[in-house]
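Each chain gets a letter, A, B and so on, in the order its sequence line appears, and its residues count up from 1. Scope of the values below: all heavy atoms of this structure, side chains included, with no hydrogens, waters or symmetry mates.
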Number of protein chains: 2
Amino acid sequence: MADNQKILDPQKCMEIGRSCACYNLRRAARATTRLYDDCLKPSGLRTTQYSVLMAAKLRGPITLTKLAQITVTERTTLTRNLTVLEKKGLVLIEAGKDRRERRVSITEQGEEALIAAIPLWEAAQAHIEQGLGRQRVGALLGDLSAIISISRTPSCPPWRPGKP
Amino acid sequence: MADNQKILDPQKCMEIGRSCACYNLRRAARATTRLYDDCLKPSGLRTTQYSVLMAAKLRGPITLTKLAQITVTERTTLTRNLTVLEKKGLVLIEAGKDRRERRVSITEQGEEALIAAIPLWEAAQAHIEQGLGRQRVGALLGDLSAIISISRTPSCPPWRPGKP
DNA sequence: AAGAATTATGTGTATACGCATACAGAGTTG
DNA sequence: CAACTCTGTATGCGTATACACATAATTCTT
């Protein structure tokens, strides 16, 4: 089987499009984001903001880097996402003992925003669970966790040059 | 069960964070995107660009709106994504008979980019399939398709005001 | 055929995302 | 303590995402 074909086999392309984990995860993420964003609209929060806020609530005062690891977000992305929440007064960002650190915590106003958002989130989540079935949703969540772990494992060596 | 609590139950928050379909889909999408982007790096294509290019290849000359539906992307987002590919000379965008339409097709250079990218994509995909198992990947793909359909179904009525 | 409704697309604005790079504080070593 | 390294963040840049709104071309109505 010659790997480096000069001509693109339509059959193969079809199969690639159908089976690509990343493509389909991104499509599904976009679709669900629109649903959740739409449901959350009355709260003034977007899904991303809701998620970060919830993580800040749960993990209490936490450093940027740790919060980024939990949410599988680039540190630099999280920095800017948090800026939005800080401007809205929903989170507090302050220096820790180690003055390099920035510790994130939820504010009173942030908690109120969450309280308002939770029933809206429940509607979106219920829509998914009713459509797919709770069991399948559970299986999906397990697969997603596994996918995250696997994606973080830096195999795929020939194409991950790293730092020489 | 009082729905509108004044206090956030940590237990409940934990459960929400663990079970939110959107949050976990987005996390997984970010994780896989980094893996695929990393593998695709030698080709000069990002995952998004690779996917759009592949769709353009498969669907031949196709209008923006239809391509947007297939890729589950906002039309306006796709417009800008295509601009990047057009600047690189990988796609051609031209008016159709109906002069409102913009028809997208892949160029010769675009096909060459795909040919170079496919083995890199295969490495990323193989990494996922080896880690999760082909069967579980298959189940996941099915769930993702279902999630997309469900998310597009505009139930969730009280929170989708629509146009009055 | 003039006007209305519909369809296909583009722009302004704002958020979300991440790589490369820079910098500042903390720890380590001579 | 000076120099080096390591760690935690921030900034510059470019791409990705989508809503609200605007525009142009087609189709429908009367």
Side-chain angles (χ1 to χ4, degrees), chain A residues 22-23 25-38 40-41 44-52 62-69 71-88 93-104 151 160-163, chain B residues 22-23 25-38 40-41 44-52 62-69 71-88 93-104 151 160-163:
Chain A
C22 190
Y23 170 56
L25 276 167
R26 288 178 69 86
R27 288 201 311 157
R30 284 192 290 266
T32 54
T33 298
R34 275 183 244 169
L35 170 65
Y36 281 70
D37 274 358
D38 204 8
L40 285 177
K41 197 167 258 180
L45 290 176
R46 300 217 188 159
T47 298
T48 303
Q49 299 169 0
Y50 174 80
S51 298
V52 172
I62 183 178
T63 65
L64 260 175
T65 298
K66 283 179 187 167
L67 190 55
Q69 283 170 353
T71 57
V72 192
T73 310
E74 259 302 297
R75 274 188 327 271
T76 61
T77 299
L78 187 60
T79 297
R80 305 185 212 234
N81 291 354
L82 283 170
T83 302
V84 177
L85 292 177
E86 197 184 20
K87 278 183 190 164
K88 289 186 175 188
I93 306 177
E94 40 193 356
K97 276 182 307 186
D98 183 334
R99 294 215 306 275
R100 292 169 300 183
E101 288 179 354
R102 307 269 272 157
R103 293 186 165 272
V104 182
S151 297
R160 291 183 76 115
K163 289 124 195 171
Chain B
C22 190
Y23 170 56
L25 276 167
R26 288 178 70 86
R27 289 200 312 156
R30 285 193 290 268
T32 55
T33 298
R34 274 183 246 171
L35 170 66
Y36 282 70
D37 274 358
D38 204 7
L40 286 176
K41 198 168 258 180
L45 291 175
R46 300 220 189 156
T47 299
T48 303
Q49 299 169 359
Y50 174 80
S51 298
V52 172
I62 183 176
T63 65
L64 261 175
T65 299
K66 283 179 188 166
L67 191 55
Q69 283 171 352
T71 57
V72 193
T73 309
E74 257 302 297
R75 234 189 40 249
T76 61
T77 300
L78 187 61
T79 296
R80 305 186 211 233
N81 291 354
L82 283 170
T83 303
V84 176
L85 293 176
E86 198 184 20
K87 278 182 189 165
K88 289 187 177 188
I93 307 176
E94 40 193 356
K97 274 183 308 188
D98 183 333
R99 294 213 309 274
R100 290 168 302 181
E101 288 180 353
R102 306 269 272 157
R103 291 186 166 272
V104 182
S151 296
R160 291 182 75 113
K163 291 124 194 171

Within a strict 4.5 Å, meaning less than it, do heavy atoms of the Arg102(A) and Thr79(A) side chains meet?
-> no
Think Thr77(B) has a side-chain N or O under 4.0 angstrom from the OP1 or OP2 of dA18(D)?
-> yes
Could you tell me the separation between the CG atom of Leu85(A) and the P atom of dT15(C), rounded to a whole number of Å?
-> 10 Å
Heavy-atom check, side chain of Gln69(A) versus side chain of Thr65(A), under 4.5 Å = yes
Any idea which of dC19(D), dG12(C), dT26(D) is nearest the Arg80(B) side chain?
-> dG12(C)
Name the residue closer to the 5' end of DNA chain D, choosing between Asp37(A) and Val84(B) according to the nucleotide with the nearest heavy atom.
-> Val84(B)
Can you find a donor-acceptor N/O pair under 3.5 angstrom joining the side chain of Thr76(A) to the base of dC19(C)?
-> yes
Output yes when at least one side-chain N/O atom of Asn81(B) is less than 4.0 Å from OP1 or OP2 of dT15(D), else no.
-> no
note: Arg34(A), atom CZ; dT17(D), atom P; distance rounded to Å ~ 10 Å
Considering only dC17(C), dA26(C), dG10(C), which nucleotide approaches the side chain of Arg30(B) most closely?
-> dC17(C)
Whole angstrom is fine here: how far is it from CG in Leu40(A) over to P in dA18(D)?
-> 16 Å
OP1 or OP2 of dG14(D) sitting under 4.0 Å from any side-chain N/O of Arg46(B)?
-> no
Are any of Arg102(A)'s side-chain N or O atoms less than 4.0 Å away from OP1 or OP2 of dA10(D)?
-> yes
Take atom CD of Gln49(A) and atom P of dT17(D), then tell me their distance rounded to the nearest Å.
-> 18 Å
Does OP1 or OP2 of dT9(D) have a side-chain N or O of Thr65(A) closer than 4.0 Å?
-> yes
More than 12 heavy atoms from other groups under 6.0 Å of NZ on Lys66(A) | no
Are any of Lys87(B)'s side-chain N or O atoms less than 4.0 Å away from OP1 or OP2 of dG14(D)?
-> no
Nearest-Å distance for atom pair NZ/P, residues Lys66(A) and dG8(D) = 8 Å
Between Arg26(B) and the options Thr73(A), Thr32(A), Thr33(A), Thr71(A), the side-chain hydrogen bond (donor to acceptor under 3.5 Å, both in side chains) test singles out Thr33(A)
Could you check whether Arg103(A) gets within reach of a base, just the sugar-phosphate, or nothing at all, counting any heavy atom under 4.0 Å?
-> nothing
Lys41(A) side chain near dA20(D) phosphate (N/O to OP1/OP2, under 4.0 Å) | yes
To the nearest 0.5 Å, atom CZ of Arg103(B) lies from atom CD1 of Ile93(B) at 13.0 Å
Note, Leu64(A) side chain near Leu82(A) side chain (heavy atom, < 4.5 Å) = yes
Base dC17(C) paired with Thr73(A) side chain (donor-acceptor, <3.5 Å) | no
For Arg75(B) and dT6(C), what is the distance between atoms CZ and C1' respectively, to the nearest whole Å?
-> 13 Å
Return the value, rounded to whole Å, for the distance between atom CG of Leu82(B) and atom P of dA16(D).
-> 10 Å
Whole-Å distance between dA8(C) P and Leu64(B) CG?
-> 11 Å
dA24(D) phosphate, OP1 or OP2: any side-chain N/O from Arg100(B) under 4.0 angstrom?
-> no
Would you tell me if any nitrogen or oxygen in the side chain of Thr63(A) comes within less than 4.0 Å of OP1 or OP2 on dG8(D)?
-> no
